[in-house]
Amino acid sequence: MATIFTRIVQGEIPSYKIAEDEKHFAFLDINPIAEGHTLVIPKKETDYLFDLTDEEMADLSGFAKMVAKGIDKALNTIRTGVIVDGREVPHAHIHLIPISKHGQKINLGQKINVSEERMKEIAQLISNEVRS
Ligand code: AMP
């Protein structure tokens, strides 16, 4: 059965899409820990990130870097942090966490509420920067 992230890539499940290329997709995490919390995935289904080939890892890192730079510009961050967990969704993914304040904790256990309207707005802001 397709993973929930494959179903997002295929458009079966809606997402706040940020960017995609032939092999990768980026979208906002639906339960963010910071405004602009983004997930970057390879379209190919692989459960464990470190089971990707060296080439797939390098490609995914390049795509994640492009998205992170877009987040930095769009949200005027101090920088963007990275978390890899992967125990909830068995489809390799990298969490990109915008860091906007000194002392901000990045912890996947600390979800925040972001309205649907703001999620749409943020996705558009980041998407515009990734494309420019
Ligand atoms: P983990 O597998 O622990 O790295 O976490 C998976 C992440 O995927 C969690 O932060 C979830 O909030 C996120 N997530 C699960 N379903 C969706 C969805 N439909 N759209 C966006 N993010 C999701």
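Counting starts at 1 for both ligands and their atoms, in listed order.
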Group every Ile, Leu, Val, Met, Phe, Trp and Tyr by side-chain heavy-atom contacts under 4.5 Å, then state whether Ile18 and Ile83 land in the same group. no

Is Glu88 close to ligand 1, meaning an N/O of one under 3.5 Å from an N/O of the other? yes

Quick one: sort the Phe5 and Phe27 rings into parallel, tilted or perpendicular, breaks at 30° and 60°. perpendicular

Quick note on ligand 1: atoms under 4.0 Å from a heavy atom of Phe5 include exactly 8 (O)

Go through ligand 1 atom by atom and flag the ones less than 4.0 Å from a non-hydrogen atom of Lys111. 10 (O)

For Asn31, take its heavy atoms, then give the atoms of ligand 1 lying under 4.0 Å from any of them. 12 (O)

Could you say whether the N/O atoms of Phe27 and ligand 1 ever approach to under 3.5 Å? no

Of the listed options (Ile8, Asp29, Leu28), which comes nearest to atom 12 (O) of ligand 1 when hydrogens are ignored and any heavy atom counts? Asp29

Transitive ILVMFWY side-chain link Val84 to Phe63, under 4.5 Å: yes

Between the side chains of Glu22 and Lys43, is the shortest nitrogen-to-carboxylate-oxygen separation below 4.0 Å, so that they form an ion pair? no

Nearest-neighbour protein heavy atom for atom 4 (O) of ligand 1, which is reported as residue plus atom name and distance: His93 NE2, 2.6 Å

Mark up the atoms of ligand 1 that fall under 4.0 Å of a heavy atom belonging to Leu39, in ascending order. 8 (O), 13 (C), 22 (N)

Heavy-atom contacts with His95 under 4.0 Å: which atoms of ligand 1 show up? List them by number with element. 1 (P), 4 (O), 5 (O), 7 (C), 10 (O)

For Arg79, is the CZ atom crowded, meaning more than 12 foreign heavy atoms sit under 6.0 Å from it? no

Quick one, Asp72 with Thr77, criterion side chain to side chain donor-acceptor pair (under 3.5 Å). Give me CA distance, side-chain angles, the key distance, then yes/no. CA-CA 5 Å; Asp72 289 339; Thr77 65; 2.6 Å; yes

Run through Asp29, Ile126, Ile8, Ile30 and flag the one making a side chain to side chain contact (heavy atoms under 4.5 Å, CB included) with Tyr16. Ile30

Close N or O approach (Ile30, ligand 1; < 3.5 Å): yes

In terms of side-chain geometry, is the basic nitrogen of Glu121 or Arg118 positioned less than 4.0 Å from the acidic oxygen of its partner? yes

Gly86 N/O under 3.5 Å from ligand 1 N/O: yes

